[in-house]
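Counting starts at 1 for both ligands and their atoms, in listed order. Any value given below was found using the heavy atoms of this structure, including those in side chains, with hydrogens, waters and symmetry copies removed. Note that the structure is predicted; figures quoted are calculated from it, not measured.
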Amino acid sequence: MVDVPNVRLNNGVEIPQFGFGVFQIPPERTAEIVRTAFEAGYRHIDTAQGYRNEEGVGQAVRESGLSRDEVFITTKLDNSRHGDPVPALEESLKRLGTDHVDLFLIHWPRPRHDQYVQAWKGLEQLLADGRARAIGVSNFQVPHLQRLAEETGTVPAVNQIELHPRLRQAELRAYHRENAIATEAWSPLFQGGDLLDEPVLADMAARHGKTPAQVVLRWHVQLGNIVFPKSATPARIAENIDVFDFELSAQDVAAIDALDTGTRRGPDPDTFG
Ligand code: NAD
């Protein structure tokens, strides 16, 4: 069984650094695929209200034979629910079949709607009453994080952002480091695509006896990012988590860093939603 290290969040809660993302996993296949991930050693699942597959995640936990406290579950507040995050999480808990989540995130800041500070105050309430063991944000830019710092009393435990070798997010990562916010990397593999065809990754993969996907995931782990690649294919699910038996050199890391072109795969957080 793979030995995944934990990252200690700013409120002391421990999160497995490596997890499984279920964006675009069809609801009717989620339970089966998440069970496959548990069998491969994953213990951290990243879902969202908007993915419409929380029921399948809950079903997989119940069918896995694992106890609730062996599994770390993250869900995210839907963009339409910034005004009522408390009932929104209560609905998630019913779908997941649990009385708490391990991490609850504001999915997108939607700055034009200007409700994320109000939403954050709801998450603070959920943290205080134990229905979320930790709270954080996703897709927040530095000014959004600064605004939470000025107007509320809780520093987000994490900021989950698009991050991969084509978009290293140096500025946000520096802000996170200075403010004790853990960095979670979404689309860590650039959603597959042509990143994995880069010759530099193929060379490195051959040298380490690994695949280009494993090299990219190992780069994330060595940067300290929390990652949860998605796959619906059992062989890839097992391949992706098998990154704890080799080490990239400082030169390898620098060569992957050099692939940064500032390219987003997903929407711009300043305008999305
Ligand atoms: P990802 O970078 O994990 O890429 C997944 C895709 O990469 C797969 O569909 C497959 O095509 C390919 N792939 C996976 N393993 C591979 C392998 N071993 N070899 C070759 N190709 C492989 O992209 P993602 O699903 O967008 O991101 C991961 C998770 O991040 C999501 O499931 C979700 O939990 C989270 N996420 C969050 C946000 C957000 O706004 N907070 C947005 C997108 C994703």
- Query: Is the shortest heavy-atom distance from the side chain of W219 to the side chain of D257 under 4.5 Å?
  - Reply: yes
Point to revise | Step-by-step salt bridge (Lys or Arg N to Asp or Glu O under 4.0 Å) determination, E63 to R35 | key: CA-CA 8 Å; E63 292 173 352; R35 273 201 319 274; 2.3 Å; yes
### Enclosure of R8 CZ (heavy-atom neighbours >12, cutoff 6.0 Å)
no
So, 4.0 Å and heavy atoms of G266: is ligand 1 close enough to count as a contact? no
- Query: With only distance considered, is A185 within less than 3.5 Å of ligand 1 through an N or O on each side?
  - Reply: no
P229 heavy atoms within 4.0 Å reach ligand 1 at atoms 3 (O)
For D46, the atoms of ligand 1 under 4.0 Å from one of its heavy atoms are 33 (C), 34 (O), 35 (C)
So the atoms of ligand 1 within less than 4.0 Å of a heavy atom of Q160 turn out to be 35 (C), 36 (N), 37 (C), 38 (C), 39 (C), 41 (N)
Here the atoms of ligand 1 under 4.0 Å from any heavy atom belonging to H107 are 39 (C), 40 (O), 41 (N)
- With a 4.0 Å cut-off, would you call K210 and D245 a salt bridge? yes
Under 4.0 Å between heavy atoms, the region of T211 that gets near ligand 1 turns out to be neither
the protein heavy atom lying closest to atom 15 (N) of ligand 1 turns out to be N240 ND2, 3.1 Å
Taking only non-hydrogen atoms of A213 and a 4.0 Å limit, the atoms of ligand 1 in range are 17 (C), 18 (N), 19 (N)
Honestly, is R147 close enough over Y116, meaning NZ or CZ under 6.0 Å from the six-membered ring centre and within 45° of the axis?
yes
Candidates S187, A238, G193; heavy atom nearest atom 26 (O) of ligand 1 found on S187
Interatomic distance, CD1@I106 vs CH2@W120, rounded to 0.5 Å, equals 6.0 Å
Atoms of ligand 1 under 4.0 Å from any heavy atom of F190, numbered from 1 in the order shown, are 2 (O)
Within 4.0 Å of some non-hydrogen atom of L196, the atoms of ligand 1 are 20 (C), 21 (N)
Of W186, W108, F272, the one whose closest heavy atom lies nearest atom 42 (C) of ligand 1 is W186
